[in-house]
2 protein chains.
Amino acid sequence: MTTHTLRYYERVGLIQPVGRARNGHRRYSEADEAWLNFLHCMRATNMPIREMQRYAELRELGDSTSLERRKILEDHQAAIAGQITELQKAHALLTHKIANYKKIEQRIRIGGPQTAEPEVDCTLASAS
Amino acid sequence: MTTHTLRYYERVGLIQPVGRARNGHRRYSEADEAWLNFLHCMRATNMPIREMQRYAELRELGDSTSLERRKILEDHQAAIAGQITELQKAHALLTHKIANYKKIEQRIRIGGPQTAEPEVDCTLASAS
DNA sequence: CTACATCTTTGAGCGCGCTCAAAGTCAAGG
DNA sequence: CCTTGACTTTGAGCGCGCTCAAAGATGTAG
């Protein structure tokens with residue numbers, strides 16, 4: 001996380017004005033770091049800034065917002081589950097395509113028939 | 001996939017000029033659809049357009065580019081694996097945080113002690 | 001014949017999430 | 001005293017991946 005990003009997060013309200021040293025420099029407490037870590041983790045899993053802003057806002061309001069905050073996290077967790085599924089599908093598809101390329105390379109090396117089993121853009125459905 | 005996106009992909013060379021009906025309208029063949037499906041799958045897993053362009057370019061050049069194309073796919077597959085790991089970590093973290101929220105809500109309902117076990121921004125390391 | 005919908009083209013615009021530039025302040029080292 | 005360097009501020013700029021607007025051609029229904 002760059003200083004630029006930290007400033008940006010501060011500007012858009014993701015983090016509250018943080019403590020300063022005597023010279024005016026920012027000093028991040030451990031609590032700040034934990035919160036930043038959490039933010040980073042959410043961003044890394046594609047939570048939009050707007051949603052993080054909403055969450056941060058509720059957090060400022062205290063425990064009474066627990067339910068709403070929990071809903072946000074549950075929704076995001078579901079989104080993550082969906083992403084994992086997508087990624088796993090793609091991963092499997094790539095395994096097939098890579099194997100196919102290995103076959104092609106084999107054919108080229110042995111100077112075999114160049115026309116048999118042409119390359120196919122296998123879809124997820126028919127991942128041959 | 002919107003028509004806008006299809007046009008865009010054509011413009012940037014991800015798909016070759018496609019067949020037309022007599023009136024000039026585009027007609028996508030099954031091969032076209034398979035390729036688009038593949039592109040969609042790669043985009044959905046965060047392959048940058050530039051990399052897809054590179055791949056498409058190599059594809060136009062035929063089997064002799066097999067090795068390089070395979071490398072691209074292998075790299076992307078590794079990237080996907082990394083993403084899955086990240087997502088799984090976040091998923092686990094959220095499970096903990098959600099459980100914590102449920103506890104808080106419980107405390108609120110029974111009017112219990114409001115100060116015990118304050119909320120914590122659990123990190124990945126210490127996901128309590 | 002007249003609407004209306006659906007495609008075509010080109011080029012511009014936009015939302016997101018940073019990322020950087022410019023100018024200034026302060027603290028320590030030589 | 002002077003330089004170096006790390007921070008500060010504000011506001012502008014950018015790369016990505018679409019997304020849309022405007023104007024025009026063509027086909028189908030009433």
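Letters A, B, ... are given to chains in the order of the sequence lines, protein chains preceding strands, and every chain is numbered from 1.
For A:Arg11 and B:Met47, each mapped to the nucleotide of DNA chain D holding its nearest heavy atom, the one lying further toward the 5' end belongs to A:Arg11.
Taking the side chain to side chain contact (heavy atoms under 4.5 Å, CB included) definition, one finds that A:Ser64 meets it with nothing, sequence neighbours left out.
Checking B:Gln106 against B:Arg109 by side-chain atom types alone, a donor-acceptor pair falls below 3.5 Å. Defined by atom type and a distance below 3.5 Å, a donor-acceptor pair is present between the side-chain atoms of A:Asp32 and A:Ser29.
Contacts between chain A and DNA chain D, taken as any atom within less than 4.0 angstrom of a protein heavy atom, begin and end at D:dC7 to D:dA12.
In this structure, A:His25 atom NE2 and C:dA28 atom P are separated by 10 Å, rounded to whole Å. In this structure, A:Asn23 atom CG and C:dA28 atom C1' are separated by 12 Å, rounded to whole Å. Atom CG of B:Leu6 and atom C1' of C:dC7 are 13 Å apart (whole Å). To the nearest angstrom, C1' of C:dC7 lies 10 Å from CZ of B:Arg20.
At least one side-chain heavy atom of B:Arg27 sits less than 4.5 Å from a side-chain heavy atom of B:His25.
Salt bridge status for A:Glu57 with A:Arg54: present, with a side-chain N to carboxylate O gap under 4.0 Å.
For B:Lys71 and A:Tyr101, the positive end is not near the middle of the six-membered ring at less than 6.0 Å and at most 45° from its axis.
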